[in-house]
Number of protein chains: 2
Amino acid sequence: MLLTYDQILEQLKEKGINLSYQRLKVLDFLYKNQIHPTVEQIYLGLVKQIPTLSKTTIYNTLKILINAGLVREIPFKGRESCYDINLDPHGHFCCDSCNQIYDFQIDVNLIKSKDLEDFKIRDRDVYFKGVCSRCLSKI
Amino acid sequence: MLLTYDQILEQLKEKGINLSYQRLKVLDFLYKNQIHPTVEQIYLGLVKQIPTLSKTTIYNTLKILINAGLVREIPFKGRESCYDINLDPHGHFCCDSCNQIYDFQIDVNLIKSKDLEDFKIRDRDVYFKGVCSRCLSKI
DNA sequence: TAATATATTTGTAATCATTACAAAGTTAAA
DNA sequence: TTTAACTTTGTAATGATTACAAATATATTA
């Protein structure tokens with residue numbers, strides 16, 4: 001379910017979301033830099049091309065993309081939120097040491113609990129913390 | 001692994017953590033009100049007994065208890081953090097409508113991913129969002 | 001017990017990511 | 001071309017949390 005760029009554009013069109021130059025560039029950045037960038041990183045990555053760019057625009061664009069269901073926010077506690085255009089169900093791991101966020105494959109839809117039988121579940125987030133293999137091997 | 005009150009006190013003693021009157025009252029409140037209270041709720045619940053109580057003290061106490069591994073922070077995005085003295089592995093569900101947080105039974109230790117084989121996992125958090133059964137039935 | 005050191009609490013101020021807002025700029029429609 | 005609708009931008013506000021230092025309480029030592 002990792003959409004191609006064209007599929008993303010198509011979905012936005014379907015939902016009646018206009019893509020201004022700035023919005024297109026933000027989308028582009030997310031698509032080409034699938035490293036869970038922060039608003040700051042997106043800003044720094046684009047401000048050379050768009051010198052007038054404002055962070056408010058990035059926040060605004062991200063909100064639109066999130067509401068359209070095309071981007072997911074990763075709000076690890078104690079750090080800026082990161083943004084993920086990969087909508088495959090998966091978990092996120094944040095390394096205590098290098099602070100990097102890793103995707104890990106897991107089908108969150110398989111997580112069932114009797115306690116939620118009569119609940120309507122909209123979002124399933126799995127956040128792990130610890131030390132990544134790279135940092136472990138450095139010790 | 002839901003500790004009794006005495007077991008909690010014992011663990012704190014073992015770890016050399018003093019329990020002042022304020023800290024004891026915060027611990028008490030968490031133990032008696034297992035509703036995932038916020039700092040605000042803890043404050044309002046205790047300020048009548050301890051008129052000089054400061055929120056800083058509550059934050060400070062919670063940090064101590066978290067570091068001692070006796071309390072868990074539940075940082076749902078877009079709302080104050082909640083605090084949970086129930087250390088049984090379980091997930092948390094936040095209702096979009098009534099904003100209440102529900103525990104649900106799930107053994108988070110069973111969530112395995114090949115991608116994390118060489119990672120050291122310290123914390124496993126499962127956060128679901130949606131609408132709870134009570135709010136669904138109100139519609 | 002008194003004196004001293006240590007720990008804790010408290011209130012205020014600072015922090016910082018995010019949001020609110022309104023003016024300026026852009027694009028589309030009539 | 002005029003008007004309306006949308007988008008961007010910069011600044012100011014927000015609000016939970018943290019930093020900090022003075023005040024208070026507790027423990028230790030002589």
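The sequence lines fix the lettering, A, B, ..., with proteins before strands; numbering per chain opens at 1.
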Starting at atom [atom1] of [X], determine the distance to atom [atom2] of [N], rounded to an integer number of angstrom.
{"X": "B:Lys25", "N": "C:dT10", "atom1": "NZ", "atom2": "C1'", "value": "19 Å"}
{"X": "B:Glu80", "N": "C:dA17", "atom1": "CD", "atom2": "P", "value": "20 Å"}
{"X": "A:Tyr43", "N": "C:dA17", "atom1": "OH", "atom2": "P", "value": "14 Å"}
{"X": "A:Glu73", "N": "C:dA17", "atom1": "CD", "atom2": "P", "value": "14 Å"}
{"X": "A:Arg79", "N": "C:dT18", "atom1": "CZ", "atom2": "P", "value": "11 Å"}
{"X": "B:Leu46", "N": "C:dT9", "atom1": "CG", "atom2": "P", "value": "12 Å"}

### Message
Check this for me: does any side-chain nitrogen of one of A:Lys129 and A:Asp96 sit under 4.0 Å from a carboxylate oxygen of the other?
### Response
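No.
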### Message
Assess whether a salt bridge exists between A:Asp118 and B:Arg134, defined as any Lys/Arg side-chain N lying under 4.0 Å from an Asp/Glu carboxylate O.
### Response
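No, A:Asp118 and B:Arg134 are not salt-bridged.
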### Query
Which is the 5'-most and which the 3'-most nucleotide of DNA chain D that has an atom under 4.0 Å from a heavy atom of chain B?
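The contacted stretch runs from D:dA16 to D:dC20.
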Strictly below 4.0 Å: does [X] bring a side-chain N or O up to OP1 or OP2 of [N]?
{"X": "B:Lys77", "N": "C:dT18", "result": "yes"}
{"X": "B:Arg23", "N": "C:dT9", "result": "yes"}
{"X": "B:Asn60", "N": "C:dT8", "result": "no"}

### Query
What's the closest nucleotide to the B:Thr52 side chain, out of C:dT10, C:dT8, C:dA17?
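The answer is C:dT10.
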### Message
Of the options C:dT18, C:dT19, C:dT9, whose atoms approach the side-chain atoms of B:Ser20 most closely?
### Response
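When the side chain of B:Ser20 is considered, C:dT9 is the closest of C:dT18, C:dT19, C:dT9.
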### Geometric class of the A:Tyr127/B:Tyr127 ring pair [parallel <30°, tilted 30-60°, perpendicular >60°]
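If you compare the ring of B:Tyr127 with that of A:Tyr127, the planes turn out tilted.
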### Message
Parallel, tilted or perpendicular, judged at 30° and 60°: which one describes the rings of B:Phe104 and B:Phe128?
### Response
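Geometry flag for B:Phe128 against B:Phe104: tilted rings.
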### Query
Do you reckon B:Leu62 sits in the same ILVMFWY cluster as B:Leu46, going by side-chain contacts under 4.5 Å, direct or chained?
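Yes, one cluster joins them.
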#### Entry: Single-linkage hydrophobic cluster B:Leu19~B:Tyr59, side-chain heavy atoms < 4.5 angstrom
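Per the 4.5 Å side-chain linkage, B:Leu19 and B:Tyr59 are co-clustered.
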### Query
To the nearest 0.5 Å, what is the distance between OG (B:Ser133) and CZ (A:Phe119)?
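Rounded to the nearest 0.5 Å, the OG-CZ separation comes to 4.0 Å.
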#### Entry: B:Thr57 vs A:Ser81, nearer the 5' end of DNA chain C by closest nucleotide
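Looking at the nearest nucleotide for each, B:Thr57 comes out on the 5' side.
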### Task
Map A:Gln22 and B:Lys55 onto DNA chain D by nearest heavy atom, then report which one ends up closer to the 5' terminus.
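Its nucleotide being nearer the 5' end, the pick is A:Gln22.
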### Query
Rest of the hydrophobic cluster containing A:Leu110 (Ile/Leu/Val/Met/Phe/Trp/Tyr, side-chain heavy atoms under 4.5 Å)?
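Joined to A:Leu110, directly or through intermediates: none.
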### B:Thr61, B:Thr38, B:Val39 screened by side chain to side chain contact (heavy atoms under 4.5 Å, CB included) with B:Tyr83, the one that passes
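Exactly one candidate clears the test, B:Val39.
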### Query
If you look only at pairs with a residue in residues 7-30 of chain A, which of them pass as a salt bridge (charged side-chain N to carboxylate O under 4.0 Å, His left out), with sequence neighbours excluded?
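Pairs touching residues 7-30 of chain A that pass the test: A:Asp28-A:Lys32.
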### Message
What does the B/S/- profile of nucleotides 23-30 of chain C look like, 5' to 3', with a 4.0 Å heavy-atom cutoff to protein?
### Response
--------
### Query
Are A:Tyr5 and A:Tyr31 near enough that their ring centres are under 6.0 Å apart?
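Yes, ring centres under 6.0 Å apart.
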### Task
Give the angle between the helix axes at the two ends of the helix from C:dT1-D:dA30 to C:dA30-D:dT1, taking five base pairs at each end and rounding to 10°.
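Answer rounded to 10°: the end axes differ by 10°.
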### Task
For B:Lys55, enumerate each residue passing the salt bridge (charged side-chain N to carboxylate O under 4.0 Å, His left out) test, keeping only those at least two apart in sequence or located in another chain.
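Partners of B:Lys55 by the salt bridge (charged side-chain N to carboxylate O under 4.0 Å, His left out) criterion, ordered by chain and then number, come out as B:Glu40.
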